[in-house]
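Here the structure comes first, spelled out in structure tokens, and everything after it is commentary.
Just so we're on the same page: letters track the sequence lines, and every chain starts at 1.
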Protein chains: 2
Amino acid sequence: MMRRKPSLEAAAAWIRLMRVQSRVLDTVEHELKEAGFPPLACYEALSELSRAQAGELRPVELERQMLLPQYTTSRLIDRLVDEGLAARRECKADRRGQFVEITDAGRALQKRMGRAYSAAIEKHVGSKLSDAEAAELCGLLDRLGCSCNEAQALAVRDGASTQ
Amino acid sequence: MMRRKPSLEAAAAWIRLMRVQSRVLDTVEHELKEAGFPPLACYEALSELSRAQAGELRPVELERQMLLPQYTTSRLIDRLVDEGLAARRECKADRRGQFVEITDAGRALQKRMGRAYSAAIEKHVGSKLSDAEAAELCGLLDRLGCSCNEAQALAVRDGASTQ
DNA sequence: TCACGATTGATGCAGTTGCATGGAGTACGG
DNA sequence: CCGTACTCCATGCAACTGCATCAATCGTGA
């Protein structure tokens, strides 16, 4: 008979994972919002685009990079376009598809957000853990997820990489 | 001048925290949903209620226990009531307020969900970490949150405590 | 070349969330 | 007793999410 009852340690880890993540995420999102920035998803998308060749990606690729459902990606792109941060371009090779290209305004915003985002992460994560502890946390979290290896170095690096 | 750039370790920890949490949560929620259960928030609320004196709480208390905004709690209660899992009762001592009382159906569901929930946690967390690792993860996460100490032992225990 | 299955992307709909506000009741100083 | 400030809870509205489905196009095997 299968073991149904998680150890107390596992239950405690679960609850903390849920609570701490949402608390930290809410805090960071709220801070960026206060500063007049759009949601994080927007930033992540802009980062993917600016990292890409020629600053453009197929929606499908964006979708895979960000691990988002198709409709979420589609609507995220809508918003980027509405706000002039990206533009849809036709894809001649495959008429079903399209390209999404980051605009100058998009690049500018991505950079500015990157700085604010980095600062927020440092404030709410970096400053609370030593590098060794952070690395250890990574290791433990990786054991839970079939995790994030697949996904690139991520967003934050861009904002941070400006020395 | 303040340090804006998080260490690579901190950035990596951040991204994993976000990704792993949402992945694990989605998985568990989806599993419970497949099994025909309502969302987790429902379960947590039922657990709070069944733990409380006489199986009833003021919405405000529920709100504080669950760390939810007031309007979320209000609507969560609506749903519980709609589904016959709880009932609103008047509060004679304070006419502004009310009591929310869990019903028999609510208690029954709470128990059944508890078992499924525990199994899911064991499957997606417990089985992937040793007790020592889980404890270590708790410790690290606690350093990030002004964390979950305040909130009771939590939900899961109930489902699990039935041997 | 055609038919069929798969891929790409959009969208209608219902349910949920955040935000701001409102209405009812309480507490308390004067 | 009254006025003011506060607490408790609900709700309108706009934005967002998940789900299912659709239209268009592609690619492949016969």
Check your understanding: Would one find a side-chain N or O of A:R58 under 4.0 angstrom from OP1 or OP2 of C:dG9?
Key ->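 Answer yes for this pair, as a side-chain N or O of A:R58 is under 4.0 Å from OP1 or OP2.
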Point to revise | N or O in side chain of B:K33 less than 4.0 angstrom from D:dC19 OP1/OP2 | key: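 So the side chain of B:K33 is within the cut-off, an N or O lying under 4.0 Å from OP1 or OP2 of D:dC19.
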Candidates [options] - which lies nearest the side chain of [X]:
{"X": "B:Q70", "options": "C:dA20, D:dG18, D:dC9", "result": "D:dC9"}
{"X": "B:V60", "options": "C:dC13, C:dG9, D:dC8", "result": "D:dC8"}
{"X": "A:S74", "options": "C:dG18, C:dA10, D:dC19", "result": "C:dA10"}
{"X": "A:T72", "options": "C:dT11, D:dC9, D:dG18", "result": "D:dG18"}
{"X": "B:P59", "options": "D:dC9, C:dT17, D:dG18", "result": "D:dC9"}
{"X": "A:P69", "options": "C:dG18, D:dG18, C:dT8", "result": "D:dG18"}

Practice item. Would you please name every residue forming a salt bridge (Lys or Arg N to Asp or Glu O under 4.0 Å) with B:E29, sequence neighbours left out? Key: none
Point to revise | Carboxylate-amine/guanidinium proximity below 4.0 Å for B:E61 and B:R64 | key: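 A salt bridge is absent here (no side-chain N lies under 4.0 Å from a carboxylate O).
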Report the distance from atom [atom1] of [X] to atom [atom2] of [N], rounded to the nearest whole Å.
{"X": "A:R75", "N": "C:dA10", "atom1": "CZ", "atom2": "P", "result": "11 Å"}
{"X": "A:I77", "N": "C:dA10", "atom1": "CD1", "atom2": "P", "result": "6 Å"}
{"X": "B:L76", "N": "C:dG15", "atom1": "CG", "atom2": "P", "result": "17 Å"}
{"X": "A:L57", "N": "C:dG9", "atom1": "CG", "atom2": "C1'", "result": "15 Å"}
{"X": "B:Y71", "N": "C:dT21", "atom1": "OH", "atom2": "P", "result": "14 Å"}
{"X": "B:E63", "N": "C:dG18", "atom1": "CD", "atom2": "P", "result": "13 Å"}
{"X": "B:E61", "N": "D:dC8", "atom1": "CD", "atom2": "C1'", "result": "12 Å"}
{"X": "B:H30", "N": "D:dC19", "atom1": "NE2", "atom2": "C1'", "result": "10 Å"}

**Study point:** CG (A:D26) with more than 12 external heavy atoms under 6.0 Å
**Key:** yes
Exercise for review: Taking the side chain as every heavy atom from C-beta outward, state whether A:L137 and B:L137 have any atom pair closer than 4.5 Å.
Suggested key: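 Yes. Closest side-chain heavy atoms under 4.5 Å.
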Check your understanding: For DNA chain D, what residues of residues 79-101 of chain A have any heavy atom nearer than 4.0 Å?
Key -> A:R79, A:D94, A:R95, A:R96
Check your understanding: Is B:L62 reachable from B:F99 through a run of hydrophobic residues whose side-chain heavy atoms are each under 4.5 Å from the next?
Key -> no
Check your understanding: Donor-acceptor pair, B:R89 side chain versus B:Q98 backbone, under 3.5 Å?
Key -> no
Practice item. Take A:L49 and A:L85 through the test side-chain contact (heavy atoms from CB on, under 4.5 Å) and record every step on the way to the result. Key: CA-CA 10 Å; A:L49 291 176; A:L85 303 169; over 6 Å; no
